[in-house]
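First up is the structure itself, then whatever we jot down about it.
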Amino acid sequence: MAQIGLFFGSDEGNTEGVAYRIAQRLGEDQVEVMDIADVTQLEFTDYQHIILGIPTWDFGQIQSDWEEFWDDIAEVDFNGKTVALFGLGDQFGYGDYFLDAMGMLHDVVLAAGAKVVGYWPTVGYEFEASKAYLPEQDCFMGLAIDEDQQEQLTAARLNQWCAQVVAEFGLAIEVRALDD
Ligand SMILES: Cc1cc2nc3c(=O)[nH]c(=O)nc-3n(C[C@H](O)[C@H](O)[C@H](O)COP(=O)(O)O)c2cc1C
């Protein structure tokens with residue numbers, strides 16, 4: 001069985017695409033990629049290492065499939081599990097709500113007992129406000145991906161973040177650097 005469970009929600013396919021690009025870097029035999037629209041809480045029990053992907057929609061709102069799963073995810077026991085998050089947003093179009101949904105999901109899994117890794121520096125982004133911003137550490141609560149404004153930076157960001165997360169997970173996975 002794959003060592004890592006990756007769960008994503010996506011309205012228009014950007015987050016889904018990034019989910020599979022992460023799997024390509026970590027190795028498709030290492031990661032099981034699942035749409036949050038198709039799973040139950042049970043799938044979460046199978047994995048000690050979990051990656052969650054969520055875009056923000058409609059001025060700071062949670063993507064619709066994640067919203068439907070919201071009560072369920074809060075009831076998952078994340079004790080003993082390590083979680084890394086990635087969020088998609090548009091920093092120029094929605095700079096007052098940049099990646100808010102990732103911040104909200106972060107708080108839910110933290111409260112449910114998860115150890116969260118994969119925090120990401122804010123260098124190279126421009127935004128006014130974000131619920132995914134941690135002022136004490138001047139970082140995002142997970143990888144920030146902007147396919148609307150900075151698509152050309154995504155491949156390198158994924159390469160760097162995947163290597164970081166594998167190390168923080170403590171897994172012996174050789175990460176492939178891709179130029180996709
Ligand atoms: C109507 C609309 C509202 C959006 N609202 C936000 C927002 O509040 N914050 C943000 O960071 N991005 C916002 N976005 C940008 C999306 O998060 C971004 O396009 C993302 O890549 C979509 O991911 P998906 O294709 O996986 O659904 C919005 C986009 C649209 C079209």
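Here the structure is a predicted model, which means the values were calculated and not measured. Sequential numbering from 1 along the given sequence is applied to the chain's residues. For ligands, and for the atoms within them, numbers begin at 1 and follow the listed sequence.
Connectivity analysis of hydrophobic side chains (ILVMFWY, heavy atoms under 4.5 Å, direct or indirect) links Tyr97 to Phe59, Tyr94.
A side chain to side chain contact (heavy atoms under 4.5 Å, CB included) with Leu143 holds for exactly one of Leu158, Val165, Leu99; it is Leu158.
When atom types are taken as modelled, the side chain of Thr122 and the backbone of Cys139 share no donor-acceptor pair closer than 3.5 angstrom. Here the side chain of Asp146 pairs a donor or acceptor atom with the backbone of Gln149 at under 3.5 angstrom.
In this pair, Tyr133 and Phe127 present their aromatic rings perpendicular. The plane angle is above 60°, beyond the 30 to 60° band.
Enumerated by chain and number, the residues approaching ligand 1 to less than 4.0 Å through a heavy atom are Ser10, Asp11, Glu12, Gly13, Asn14, Thr15, Pro55, Thr56, Trp57, Asp58, Phe59, Gly60, Leu88, Gly89, Asp90, Tyr94, Tyr97, Phe98, Leu99, Asp148.
A salt bridge does not link Arg176 with Glu28: every distance from a Lys NZ or Arg NE/NH1/NH2 to an Asp or Glu carboxylate oxygen is 4.0 Å or more.
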